[in-house]
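Quick notes on the structure that follows.
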2 protein chains.
Amino acid sequence: MNTPERLIESTQELLWERGYVGTSPRAIQQRAGVGQGSMYHHFAGKPDLALAAVRRTAERMRAQAEAQLSGPGTAVERIRDYLLRERDVLRGCPIGRLTQDPDVVGDPALRQPVEETFAWLRGRLAAVLAEGRAGGELPADLDAEDTAAAVVAVLQGGYVLARAADSVEPFDRAISGVLALLTARAAPATG
Amino acid sequence: MNTPERLIESTQELLWERGYVGTSPRAIQQRAGVGQGSMYHHFAGKPDLALAAVRRTAERMRAQAEAQLSGPGTAVERIRDYLLRERDVLRGCPIGRLTQDPDVVGDPALRQPVEETFAWLRGRLAAVLAEGRAGGELPADLDAEDTAAAVVAVLQGGYVLARAADSVEPFDRAISGVLALLTARAAPATG
DNA sequence: GTCTATACGCTGATAGAC
DNA sequence: GTCTATCAGCGTATAGAC
């Protein structure tokens, strides 16, 4: 693989593991097997490289979600598929973890892809829920956007609980809990 | 206030704002208005001070939750009170944010108060939910522990979404969403 | 494109005077 | 208890040779 590509992937990994503050140019270079001068030839510096890495990660996350949400099945089934997708839970969410980094949240350029990713995800889930409501699968009084926000929040919060416990158990419970609440309100699709 | 106290409070603030990796002894000293030697006289070093600060923050968080959850009202009302309590949403959760810090999660001593706090909170919420179920307020098939995990996760994930959006809107929606799902399953208390 | 050299402030301490 | 050295190493670059 070429040098810029290796640098971006190393940065993606390190941002996921250690966040922005915890990731040094030196560590990126070492993981990529690339020299100092080489890194600064291809990228202006740490913020520039981080931006490329975050955009790449955001794209990937969105594509994965879309794969589940546009699959076959009823609305509730697709949301269940998305929530129960295999995940490396203890690593947490590579985008969500960036929200804890003041240098990311404080830089509009770096925060933008993070904001857009969650905005898109909430919108996409809301659309699926609205579909289910229109088909009679979900009750008419269900607020699609609020429910979508709750679903995304359960995922993100589930990662937090799992890392706190050093165990996937609370994550699995949280997902089960929200799915039970949602399916209790669901009826077989009619439309 | 005395010196150790000022150091602990400064560390609490900095851990909340910048996390463990982003918090330096020097910054702690400056915020506390305390000299280098003074800090190392009272504490063995950064991990020691962080441990004291995290324990203090965990106690406080637990006391605040207990105040809402042991208040008056039905089970669902108390959970609603807890979720709708006034919060500085964009600052995030001072305990939850630590789960993104590999140096915290990787150190058993530092992770312990974080784990215990969430274990306690889930248990406390589960007890309230079980109460509501026993009184007929909540359906007999509701899993108290799964639902409790989902409720805590919505809160923690709500902070993530709010910080991503630089707005409380997604937090408020997530809380409304989960409350709507929960109260749709609730009937007036009978026991 | 990649390498080495150089720089300066910060990190996280320890030592010892007062 | 608090203060002022002092320190080795890291963070985040820039400069210029090859």
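In what follows, every heavy atom counts, from backbone to side chain, and hydrogens, waters and symmetry copies are set aside. To find a chain, count down the sequence lines: A is the first, B the second, and so on, and within it residues start at 1.
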Anything under 3.5 Å between a protein N or O and an N or O of nucleotides 16-18 of chain C, put it in a table, one pair a line.
none

Using 4.0 Å as the upper bound for N to carboxylate O, is an ion pair formed by Glu115(A) and Arg163(B)?
no
State whether Glu116(B) and Arg55(B) are salt-bridged, where the test is any N-O pair (Lys NZ or Arg NE/NH1/NH2 against Asp/Glu carboxylate O) under 4.0 Å.
no
One thing to verify: whether Glu145(B) and Arg122(B) come together as a salt bridge, which I'm taking to mean a side-chain N less than 4.0 angstrom from a carboxylate O.
no
What is the distance from CD of Gln29(B) to P of dT11(C), rounded to the nearest Å?
10 Å
Set of residues satisfying side-chain contact (heavy atoms from CB on, under 4.5 Å) with respect to Thr11(A), sequence neighbours excluded:
Leu15(A), Ile28(A), Leu49(A), Ala53(A)
Partner of Thr74(B) under side chain to side chain donor-acceptor pair (under 3.5 Å), picked from Glu137(B), Arg80(B), Glu131(B), is Glu137(B)
Would Arg87(B) count as a cation-pi partner of Tyr82(B), with NZ or CZ less than 6.0 Å from the six-membered ring centre and within 45° of the ring normal?
yes
Mind running a 4.0 Å heavy-atom check of residues 99-113 of chain B against DNA chain D and sending the residues that fall below it, in number order?
none
With a 4.0 Å cut-off on N to O distance, would you call Arg56(A) and Glu5(A) a salt bridge?
yes
Side chains of Gln29(A) and Gln36(A): is there a donor and an acceptor less than 3.5 Å apart?
yes
Taking only residues two or more places apart in sequence or in another chain, which ones pass side-chain contact (heavy atoms from CB on, under 4.5 Å) with Ala27(A)?
Leu14(A), Ser24(A)
Val104(B) and Val21(B), any side-chain heavy atoms less than 4.5 Å apart
no
OP1, OP2 of dG1(C) versus side-chain N and O of Thr3(A): anything below 4.0 Å?
no
Minimal non-hydrogen separation, Arg18(B) against Pro102(A), with atom names
NH1-CG, 3.6 Å
Residues Glu169(A) and Arg173(A) bridged, charged N to O under 4.0 Å
yes
Please work out which residues in residues 38-46 of chain B have a non-hydrogen atom less than 4.0 Å from an atom of DNA chain D and list them by number.
Ser38(B), His41(B), His42(B)
Would you mind reading off the distance between Gln36(A) atom CD and dA7(C) atom P, rounded to a whole angstrom?
15 Å
Compute both the distance and the angle, then confirm whether Arg91(A) meets the cation-pi test with Trp16(A): under 6.0 Å from the six-membered ring centre, within 45 degrees of the axis.
yes
Heavy-atom contacts under 4.0 Å between residues 12-26 of chain B and DNA chain C, which residues?
Thr23(B), Ser24(B), Pro25(B), Arg26(B)
